[in-house]
Amino acid sequence: MTSIKRGTARIIFHIDMNSFYASVEQSYDTSLKGKAIAIAGNPKERRGILVTCSYEARAKGVYTTMSVWEAKRKCPELILLPPNFERYRIASRAMFEVLRTYTKQVEPVSIDEGYMDVTDIDSNLNALQIADDIQKRLLMELDLPCSIGIAPNKFLAKTASNMKKPMGITILRKRDIDKMLWPLPVLDMHGVGESTAKKMYSIGLQTIGDIAKSEEGVLKEALGKNGIRLKKCANGLDDRLVDPDSVYDTKSVGNSTTLPSDENELQELKKVFKRLSTQVANRLEAKRLAGPTVSIQIRDTDWRNSSRSQSFQNLVYEKEKIFEIAWSLFTKNWDGQPIRLLGVTVSNVVDRVDLTEQLSIYNFEEHAKEEPILSLVESLQQRFGKEMITRGQTQARKPTYESKTSFSKDFLDDHKDREKK
């Protein structure tokens, strides 16, 4: 494989840790190395599915999202482990610290993957040698394998990192997309799920090359603006920058749950919505966020997905209000089919220090009383920074990796905390 020569084009890496949870467990307990292991939920419930599995398990036909009972049937010797979020979060932070020794241009996108812009690294090494060095360091220092994609933009880098696993390094240039990218099926394209793939199949698109060559009007009619975006990506076009500050851009807070059994009893469903609303409210409270839009997700017994949302002028964050809106959306739109999964989300969230209610005859006096305090807070924030002064007194909390908020997103808080040091 030849190396990339430095020039005007950006050089973007996508670092993708291989079977991250399973690899962390094998690193923590070396007796698990070389064995078929999987991280799973409660095997006694239907929602007991595999979160991830080792490559040894994959070789036996086991895969992520497979149910526990089916995985054990395919691979009786499979070792099932419960998730240890504290362990994974510590490993994730260590992984990103290694990446930041090369450049500050590191953008975490999930607990086990991130982008790097290495264009301006002052090094005698070329891009391929830098990637090789990163891969070896992560393996030697953390005992964790990864795959790395190298490309001129984020989409192609993400695509490249998926092409060779585990421990692969793949270069994907724009001039090579007709040979390396276009022959792949549409479902292999980053950003295309099963629902979008079905729409593409319906208009005769089978490969990524078909998307690249299709008429924009046809794509827009079938997929809306997303169709135009996918066509650009299929042609290797993506102008998104690697943004280290994206960790601050929380846009939604939600939670969903797969029910132990298909449910159509209204009172039982109501209990689920109350529990989800409380969990979402707790997460909003932990992050001091609020949002104007509440949405619900419904998956019925036939695996049909639907969602409904409602937006308001005032921001929402209290569990009672979230439940009231979510339950109203559900009762107005539920067709009586047994339910398999429910979800509640508050989106377009902002920091509560920015919370503003529409003034009315009922609350203008309250806002008038608060005005001097808000002005003082604003002046202090301008002087010392927004993160230093927030509306309302918050008790100092002991740092912990066991967060009461969404784990898949809360790992980003580690990177926020790092910036404050």
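None of these values were measured; they are calculated from a predicted model.
Side-chain atoms of F13 and I134, non-hydrogen and from C-beta on, do get closer than 4.5 Å to each other. Put simply, the side chain of M66 reaches to within 4.5 Å of the side chain of K74, judged on heavy atoms. Using a 4.5 Å cut-off on side-chain heavy atoms (C-beta onward), T207 and L184 make no contact. L342 is listed as a side-chain neighbour of F330, based on a closest heavy-atom distance under 4.5 Å. Counting heavy atoms from C-beta on, the side chains of N153 and K174 come closer than 4.5 Å. You'll find the side chain of N348 stays beyond 4.5 Å of the side chain of S252, heavy atoms only. For the pair L284 and V349, the minimum side-chain heavy-atom distance is below 4.5 Å. Proximity of L128 to I150: side-chain heavy atoms (C-beta onward) are separated by under 4.5 Å at one or more points.
By the 6.0 Å contact criterion, CD on Q206 is enclosed, its count of non-hydrogen atoms from other residues, nucleotides or ligands being greater than 12. Heavy-atom neighbours of K199 NZ from other residues, nucleotides or ligands within 6.0 Å: at or below the threshold of 12. Heavy-atom contacts from other residues, nucleotides or ligands closer than 6.0 Å to CZ of F312 number more than 12. Other residues, nucleotides and ligands contribute more than 12 heavy atoms inside 6.0 Å of the NZ atom of K165.
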For K179 and D176: C-alpha separation, side-chain torsions, deciding distance, then whether salt bridge (charged side-chain N to carboxylate O under 4.0 Å, His left out) applies.
CA-CA 6 Å; K179 301 182 187 71; D176 295 327; 5.0 Å; no
Let me see the working for E86 and R89 under salt bridge (charged side-chain N to carboxylate O under 4.0 Å, His left out), right down to the final yes or no.
CA-CA 5 Å; E86 177 181 358; R89 196 161 169 178; over 6 Å; no
D243 vs Y115, side-chain hydrogen bond (donor to acceptor under 3.5 Å, both in side chains): CA-CA, chis, key distance, verdict
CA-CA 9 Å; D243 181 11; Y115 293 101; over 6 Å; no
List the steps and the verdict of side-chain hydrogen bond (donor to acceptor under 3.5 Å, both in side chains) for T293 and S311.
CA-CA 4 Å; T293 303; S311 297; 2.7 Å; yes
Go through the steps for S147 and N18 under the test side-chain hydrogen bond (donor to acceptor under 3.5 Å, both in side chains), then give the verdict.
CA-CA 7 Å; S147 292; N18 300 148; 3.2 Å; yes
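The two residues V242 and P244 have their closest heavy-atom pair at O-CD, 3.5 Å. Across every non-hydrogen atom of C233 and M189, the tightest pair is CB-CE, 3.6 Å. The two atoms that bring I177 and A234 nearest to each other are CD1-O, 3.8 Å, heavy atoms only. Contact between E318 and A281 at its shortest, heavy atoms only, is C-CB, 4.3 Å.
Each of H14, H190, E107 was compared with K154 under the side-chain hydrogen bond (donor to acceptor under 3.5 Å, both in side chains) criterion, and only E107 meets it.
The distance from atom CG of L50 to atom CD of E70, rounded to the nearest 0.5 Å, is 9.0 Å. Taking CG of L329 as the start and NZ of K332 as the end, the distance is 7.0 Å to the nearest 0.5 Å. One distance of note links CG of D188 with CG of L181; it measures 9.5 Å at 0.5 Å rounding.
For the pair E216 and K220, the salt-bridge criterion is not met [side-chain N within less than 4.0 Å of a carboxylate O]. A salt bridge does not link D238 with K232: none of the charged nitrogens is closer than 4.0 Å to a carboxylate oxygen. Look at K136 and D132 and you find a salt bridge, because one of the NZ, NE, NH1 or NH2 atoms lies within 4.0 Å of a carboxylate O, short of that distance. A salt bridge is absent between K35 and E77: the closest approach of a Lys/Arg side-chain nitrogen to an acidic carboxylate oxygen does not fall below 4.0 angstrom. Taking the charged nitrogens against the carboxylate oxygens, E56 and K33 have no contact shorter than 4.0 Å, which rules out a salt bridge.
Y21 and D112 are not linked by any side-chain donor-acceptor pair at a separation below 3.5 angstrom, with hydrogens and angles left out of the test.
Both the sub-6.0 Å distance and the 45° axial angle are not jointly satisfied by R240 relative to the ring of F155.
Between Y88 and F85, the ring-plane angle classifies as perpendicular under the 30° and 60° cut-offs.
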